[in-house]
Amino acid sequence: MKHTLSVLLLNKPGALSRVTGLFSGRGFNIESLSVAETLDPKVSCLTLVTHGDESIIEQITKQLHKLIDVIKVTDISEGEFVEREMVLIQVKAEAHTRAEVLRVIDIFRGKVVDVSPTTYTVEMTGPESKIKAVIDILRPLGIKEIIRTGTIAMARAPKK
Amino acid sequence: MKKMTGAQAIVKCLQEEGVNLIFGFPGGAVIDLYDELLDSDITHVLVRHEQGAIHAADGYARATGGVGVALLTSGPGATNGVTGIATAYMDSIPLVVLTGQVPRALIGNDAFQEVDIVGITRPCTKHNYLVKDPADLVPVLREAFYLAASGRPGPVLIDLPKDVVASKVNFPEKKKIKMQTYQPNYEPHPGQVEKACRAMLKAKSPVLYVGGGVILSNANKELTELAKKLSIPVTMTLMGLGGFPGTDPLSLGMLGMHGTYAANMAVAKSDLLIAVGARFDDRVTGRLDAFAPHAKIIHIDIDPTSISKNVGVDIPIVADCKLALQAMNTWFDRLKDFDPKDFAARHQPWIERIDVWQQEHPLTYHDEGDIIKPQYVVEKLNELTGGDAIIATEVGQNQMWAAQFYKFNKPRHLLTSGGLGTMGYGLPAAIGAKLAYPNATVIDIAGDGSIQMNIQELATAKQWGAPVKIAILNNGYLGMVRQWQELFYNRRYSATVMEVTPDFVELAKAYGAVGLRAKTKDEVEPVIKEALATDNLVIMDFIVNREEGVYPMVPAGKATTEMLLV
């Protein structure tokens with residue numbers, strides 16, 4: 001099953017490689033990983049998407065927690081959460097497909113951020129499922145290049 | 001706050017931690033620190049290879065319970081230490097390893113003797129540091145000692161750029177270390193303790209399965225109290241030997257791949273397995289689904305990652321073994337109408353059942369006239385030292401025979417590379433222990449193969465007055481691999497025949513040590529007696545039965561009840 005882990009760790013050289021080294025060394029997989037500074041510049045937040053059954057996720061969580069540079073590990077997919085990923089897609093836009101590409105982008109509420117005589121570069125955000133959907137739709141029209149940020153996620157604030 | 005050089009600050013930190021003995025090998029990157037050591041009261045033991053320095057510090061740590069310290073230079077000095085660090089990591093041994101590094105300005109430039117040792121040792125240290133800011137030097141050293149010794153112990157490495165060691169630093173007052181990201185849990189959860197104790201009240205065929213955690217947390221007294229209070233038989237892992245007296249009637253000896261028949265059968269038939277500071281290693285469990293299939297499992301461990309890693313646990317207790325066992329003992333002491341005699345009576349049928357297993361297949365070997373059996377040598381060592389020596393081992397058959405036939409009654413008397421299985425560990429570890437306890441008898445039980453992996457440390461032993469006794473069980477083979485080849489590879493002895501082996505008696509002499517040899521059974525006892533009587537470093541070369549095997553043996557991947565017996 002897919003799990004999204006949010007890991008707070010000290011913003012120190014080598015801290016990230018302790019995390020990635022743990023995954024490769026123990027044979028856990030990383031589907032996507034995204035990391036940047038938090039409000040506190042001494043702390044980074046890392047969002048990590050991984051697969052595994054309950055016992056593997058338990059091991060991953062415990063092993064991450066054991067790293068000295070890691071402050072907190074939360075499996076945010078255990079509760080309600082919002083997730084977003086951003087993608088930049090350079091898609092072919094020939095005379096006969098330009099209108100169709102724009103329509104698709106519009107439906108997915110994407111934004112054209114760069115234009116050339118034969119291409120559009122599109123920026124799009126959304127949960128992973130939406131990113132996947134737009135890629136599937138655009139693929140037959142001719143995707144030239146694609147860059148994804150990987151998922152970032154945040155637990156929903158309590159409603160009461 | 002007083003300004004001093006980095007080197008002075010490091011020495012002062014070591015003194016602050018009570019370190020008076022370190023092991024190392026100098027080089028360009030650490031020359032400032034070596035210069036400072038010359039004027040300090042810290043004894044630096046010069047080894048002959050950096051791996052030896054780490055193992056010696058490790059042996060010192062295992063024997064004393066303190067933190068072992070090693071000092072290596074950059075590049076090859078540091079990489080030579082990696083096997084030693086990984087050895088300590090696998091067995092949770094507290095070490096602080098200081099390595100030199102090229103000056104900060106050169107880091108990343110492929111400078112002479114530069115290596116990214118922090119990167120290399122990341123997966124085999126508890127934590128490591130590269131000190132880039134001189135202001136961090138003192139806090140990092142203090143934190144390293146704290147990390148190495150607390151929680152689940154382990155090796156911590158500090159990489160020291162040459163110019164940081166040479167720079168001027170402050171020496172702030174020492175404060176209690178509190179880390180935001182690291183707070184090991186020592187106290188057991190009372191609710192879990194109660195659950196565990198209630199399970200023990202109900203059990204009919206319980207077994208205590210004891211690992212190295214009991215040694216590391218100095219919990220042998222508490223463990224013995226619990227076992228005796230409830231009349232629960234005790235089996236130990238290789239790392240746990242000595243955690244419970246090996247000669248006690250409740251001791252089943254070691255379990256697992258080369259464990260006793262009774263221990264493996266008892267675990268397989270138990271209805272409650274109480275794991276204390278053990279980690280369900282594959283050498284212990286054999287085929288996982290057949291390990292303790294009928295048992296409810298209680299697991300005490302300070303490291304949450306050990307719990308339910310390999311085997312699902314019913315009652316986990318994340319805590320220090322000593323405190324958890326204490327809490328259990330107290331729980332029973334407070335229990336109304338609790339009488340140890342009731343338990344002795346209730347467990348009597350179970351203990352009798354185990355006795356039958358013990359009588360059916362005791363630890364034994366075939367005596368073959370004049371030929372020296374390696375097990376006999378270990379038995380004689382046990383007898384002639386009163387079971388009281390500190391025993392280091394190499395890895396392989398020698399290690400298993402030592403574990404089976406030496407009856408460890410006290411903790412910290414077996415120094416052996418359990419997790420990593422590092423050949424060449426025994427001699428330097430023995431030296432470390434002997435320097436810690438100069439009056440103790442320290443014996444390295446070795447094979448003719450593994451002794452050669454760090455044999456250069458004979459010079460270290462000689463130079464620093466560490467007259468350890470080395471007992472080589474010489475069969476001219478890399479015996480354990482040969483045994484596997486005999487059993488599972490149709491006796492095809494690929495690369496396990498030591499066609500050339502030095503004359504160990506002459507070799508001993510070359511190092512200024514005493515060399516003794518026994519070729520027949522009746523020569524064993526006089527050789528051991530002579531070795532124990534001399535003050536000098538000794539090599540005893542026992543020419544043993546060449547194709548002797550270690551039994552019982554559970555073939556890899558089989559259930560622990562599927563033992564090959566003598």
Side-chain angles (χ1 to χ4, degrees), chain A residues 1 3 5-30 33 35-48 50-75 78, chain B residues 86 89-90 92 104 107-108 116-133 136 140 143-144 146-148 150-159 177-185 279-280 288 299 301-313 316 318:
Chain A
M1 209 190 122
H3 286 257
L5 306 182
S6 180
V7 183
L8 288 180
L9 74 166
L10 295 178
N11 189 2
K12 285 207 290 201
L16 178 61
S17 102
R18 287 181 207 280
V19 172
T20 54
L22 174 83
F23 275 73
S24 59
R26 292 191 180 266
F28 304 139
N29 66 66
I30 300 179
L33 186 150
V35 58
E37 206 173 279
T38 61
L39 270 182
D40 177 355
K42 287 196 213 101
V43 177
S44 302
C45 181
L46 185 151
T47 307
L48 197 148
T50 182
H51 262 99
D53 62 27
E54 215 173 293
S55 69
I56 289 179
I57 299 299
E58 186 185 328
Q59 264 301 309
I60 291 176
T61 311
K62 285 174 173 177
Q63 293 285 359
L64 280 170
H65 205 85
K66 191 169 156 181
L67 296 174
I68 307 294
D69 286 341
V70 167
I71 302 166
K72 197 177 166 195
V73 184
T74 324
D75 182 353
E78 275 184 343
Chain B
Y89 182 68
M90 287 290 269
S92 309
R104 282 170 292 177
I107 291 179
D116 174 16
I117 197 64
V118 167
I120 289 171
T121 58
R122 220 170 259 141
C124 62
T125 51
K126 182 168 173 183
H127 196 54
N128 60 18
Y129 303 87
L130 167 64
V131 182
K132 277 190 167 167
D133 182 350
D136 290 338
V140 160
E143 199 172 281
Y146 170 68
L147 280 178
S150 60
R152 178 178 180 172
V156 178
L157 180 139
I158 309 173
D159 203 19
I177 294 177
K178 207 164 174 291
M179 293 171 70
Q180 184 197 8
T181 62
Y182 172 78
Q183 283 139 8
N185 184 55
R279 59 185 178 87
F280 297 83
L288 273 173
H299 188 186
D301 204 296
I302 198 158
D303 180 359
T305 66
S306 287
I307 288 176
S308 293
K309 185 170 70 178
N310 304 328
V311 172
V313 169
V318 176

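By convention in this document, chain letters (A, B, ...) are assigned in the order of the sequence lines, proteins followed by strands, and residues within each chain are numbered from 1.
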Give the intermediate values and the outcome of ring pair (Phe, Tyr, Trp, His ring centres under 6.0 Å) for residues B:His299 and B:Phe280.
-> CA-CA 10 Å; B:His299 188 186; B:Phe280 297 83; 5.0 Å; yes
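- Heavy atoms closer than 4.5 Å to chain A are found nowhere in B:Leu130, neither backbone nor side chain.
- Your options are B:Thr305, B:Leu147, B:Val118, and the one with the most heavy-atom pairs under 4.5 Å with chain A is B:Thr305.
- Residue B:Asn128 touches chain A through both its backbone and its side chain, counting heavy-atom pairs closer than 4.5 Å.
- Taking every heavy atom of both residues into account, A:Ile71 and A:His65 meet most closely at O-CE1, 3.9 Å.
- Residue contact with chain B, scored on non-hydrogen atoms closer than 4.5 Å, involves the side chain of A:Leu10 exclusively.
- Within a 6.0 Å sphere centred on CD of B:Gln183, heavy atoms belonging to other residues, nucleotides or ligands number more than 12.
- A:Lys66 is listed as a side-chain neighbour of A:Gln63, based on a closest heavy-atom distance under 4.5 Å.
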